[in-house]
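Shown next, in structure tokens, is the structure this report addresses.
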Amino acid sequence: MMKLGCMSLSYKDQFRDGKIDLAGFIDKVYDMRLDGIDIHTRAFASTEPAYLRDIRMRCLKRGLAISYIGVSNNFGKPKDELPGVVQDVKDWIDIADFMGIPLVRVFAAWVPEGEPEEQVWERMIPCFQEVAAYGQEKGIVLGLHNHNHGCITGTGEEVMRILDEVDNPYLSHILDTGQYKGSPGSSGQRGKEDPSYNFYGSIELTAPKAVHVRAKIYRISTGEEAWLDYPRIFEILKGVDYNGWVSVVYEGQDEEEEETAVPKAISYLRRFVPGT
């Protein structure tokens with residue numbers, strides 16, 4: 001059965017303005033009767049054990065699972081900076097292990113201007129191999145998040161290539177419904193799909209590999225997402241027997257405030273996720 005959750009970045013404005021903290025976010029998700037949360041590293045006020053235990057206990061008492069920690073790494077940085085990037089991912093794997101969180105989100109690499117992409121691949125893949133091996137040692141799965149805007153995972157083919165080249169079951173896939181090239185939400189078209197890319201084709205290609213789905217919401221003022229075709233997306237997910245988390249990731253703050261938009265997004269997605 002699919003489970004419905006919410007990503008902390010859905011309230012990024014409230015976090016930024018000090019209107020909410022991670023404890024408040026947990027309480028808000030509980031009040032909306034969701035199954036769990038995803039936490040971006042920026043939402044953690046501390047990484048001290050006492051704080052992490054408190055967050056874990058707060059979730060446990062409310063019956064909420066923590067489905068993943070989101071790390072914003074970049075394996076495209078210069079070679080001399082990559083050991084620090086790799087270590088940061090490992091440190092968050094350790095925190096996930098400490099908190100009993102099964103999954104850590106990772107990005108691939110942003111290609112520096114003027115550098116051949118294949119050259120970036122040559123230093124990116126060993127980074128993935130190292131952190132995947134570390135995750136395997138700790139029993140924590142890494143989820144490769146598809147992303148465009150210069151990131152190497154802008155197409156389904158690129159995601160599949162990374163997974164194939166790393167070839168470790170502890171590097172899996174977090175499918176973001178709005179972040180492939182051509183997306184009406186993130187391709188630069190702002191509401192219009194870019195026909196030069198097969199956006200939904202990328203979703204179809206990588207959906208069988210997904211262990212988590214980030215359900216991006218851009219325009220929900222009417223109560224239905226206007227930019228992404230969720231009936232079509234959920235048909236794809238059902239077609240591959242997807243049975244995992246679907247988490248709301250709201251990015252429509254330029255149109256509607258989080259306080260009213262996120263509950264609308266949850267009500268909308270409940271149409272497609274029975275029993276939630």
Side-chain angles (χ1 to χ4, degrees), residues 1-17 19-20 24-38 40 43 64 67 70 145-149 174-204 207 210 212-240 242 244-276:
M1 179 182 292
M2 294 186 198
K3 298 169 286 293
L4 197 59
C6 186
M7 214 289 159
S8 62
L9 288 176
S10 294
Y11 288 93
K12 62 183 179 181
D13 284 0
Q14 292 193 25
F15 272 98
R16 180 199 63 209
D17 296 339
K19 295 179 179 178
I20 196 173
F25 172 65
I26 291 167
D27 290 344
K28 188 180 289 289
V29 170
Y30 171 76
D31 289 340
M32 292 188 290
R33 295 294 186 263
L34 292 173
D35 299 310
I37 60 172
D38 317 324
H40 192 277
L64 295 172
S67 49
H145 181 182
N146 58 289
H147 209 282
N148 56 5
H149 301 305
I174 291 177
L175 171 60
D176 191 309
T177 60
Q179 284 295 153
Y180 276 124
K181 287 180 179 178
S183 164
S186 61
S187 65
Q189 302 296 311
R190 304 306 293 166
K192 296 181 180 179
E193 185 178 345
D194 185 344
S196 61
Y197 295 99
N198 187 359
F199 166 59
Y200 289 102
S202 284
I203 294 176
E204 289 176 348
H212 188 105
V213 172
R214 289 166 51 101
K216 198 64 67 64
I217 298 291
Y218 296 105
R219 293 291 183 268
I220 196 68
S221 60
T222 65
E224 296 185 355
E225 166 59 25
W227 287 4
L228 298 180
D229 185 348
Y230 272 106
R232 180 176 179 179
I233 290 169
F234 275 94
E235 281 303 310
I236 294 171
L237 296 176
K238 290 175 183 177
V240 298
Y242 177 73
W245 285 99
V246 176
S247 291
V248 175
V249 186
Y250 178 59
E251 288 192 358
Q253 286 86 347
D254 58 323
E255 183 194 59
E256 184 175 358
E257 292 185 355
E258 297 155 344
E259 196 64 28
T260 57
V262 175
K264 288 180 186 177
I266 291 165
S267 294
Y268 175 63
L269 290 173
R270 280 191 165 122
R271 302 182 195 178
F272 307 101
V273 184
T276 60

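Along the sequence shown, residues carry numbers from 1. Reckoned from all heavy atoms, side chains included, excluding hydrogens, waters and symmetry mates.
Considering every non-hydrogen atom in both V262 and C6, the closest pair reads CG1-SG, 4.2 Å. Heavy-atom minimum distance, F199 versus G182: CB-C, 3.9 Å. Taking both residues in full, the closest heavy atoms of L269 and A215 are given as CD1-CB, 3.7 Å, listed atom of the first, atom of the second, then distance. Minimum heavy-atom separation, V248 to S10: O-OG, 3.0 Å. Of all the heavy atoms in S247 and H212, the pair that sits closest is OG-NE2, 3.1 Å. For the residue pair G178 and L228, the shortest heavy atom distance occurs at CA-CD1, 4.1 Å.
Considering only residues two or more places apart in sequence or on other chains, L64 meets the side chain to side chain contact (heavy atoms under 4.5 Å, CB included) condition with I26, V29, Y30, C59, R62. Partners of E256 under the salt bridge (Lys or Arg N to Asp or Glu O under 4.0 Å) rule, at least two apart in sequence or in another chain, are K264. D254 pairs by the side-chain hydrogen bond (donor to acceptor under 3.5 Å, both in side chains) definition with R219, not counting sequence neighbours. Here Y230 pairs with T177 under the side-chain hydrogen bond (donor to acceptor under 3.5 Å, both in side chains) rule; sequence neighbours left out. Shown here are the side-chain hydrogen bond (donor to acceptor under 3.5 Å, both in side chains) partners of K12, two or more places apart in sequence or in another chain: there are none. Residues passing the salt bridge (Lys or Arg N to Asp or Glu O under 4.0 Å) test with D229, sequence neighbours excluded: none. Taking the side chain to side chain contact (heavy atoms under 4.5 Å, CB included) definition, one finds that N148 meets it with Q179, K181, S186, sequence neighbours left out. Partners of D38 under the salt bridge (Lys or Arg N to Asp or Glu O under 4.0 Å) rule, at least two apart in sequence or in another chain, do not exist in this structure. Partners of F272 by ring-ring contact (aromatic ring centres under 6.0 Å, His included), not counting sequence neighbours, listed by chain and number: F234, Y268. Residues that satisfy the side chain to side chain contact (heavy atoms under 4.5 Å, CB included) test with A43, not counting sequence neighbours, are S8, F15, L22, I39. When the side chain to side chain contact (heavy atoms under 4.5 Å, CB included) test is applied to K28, the partners found at least two apart in sequence or on another chain are Y11, Q14, I20, M32, E259. Taking the ring-ring contact (aromatic ring centres under 6.0 Å, His included) definition, one finds that Y218 meets it with W227, sequence neighbours left out.
Two residues are said to be in side-chain contact when any heavy atoms from C-beta on lie closer than 4.5 Å; D176 and H147 fail this criterion. Between S202 and Y197 there is no side-chain heavy-atom pair separated by less than 4.5 Å. Residues M2 and L237 meet the side-chain proximity criterion, which asks for heavy atoms closer than 4.5 Å.
One finds the CD1 atom of I217 at 11.0 Å from the CD atom of E224 (value rounded to the nearest 0.5 Å). Taking CE of M7 as the reference point, atom NE2 of H40 lies at 6.0 Å (rounded to 0.5 Å). Note: K192 NZ to S183 OG = 14.5 Å, rounded to the nearest 0.5 Å. How far CD of E204 is from CG of L175: 11.0 Å, rounded to the nearest 0.5 Å. We find the CG-CD1 distance between L4 and I266 to be 6.5 Å, quoted to the nearest 0.5 Å. Here the CD1 atom belonging to I236 is positioned 8.0 Å from the OH atom belonging to Y200, to the nearest 0.5 angstrom.
The main-chain N or O of G5 is never found under 3.5 Å from a side-chain atom of D35 such that the two would form a donor-acceptor pair.
Atom CD of E255 has more than 12 neighbouring heavy atoms from other residues, nucleotides or ligands inside a 6.0 Å radius.
Checking E257, K19, Q253 one by one against D13, the side chain to side chain contact (heavy atoms under 4.5 Å, CB included) holds for a single residue, Q253.
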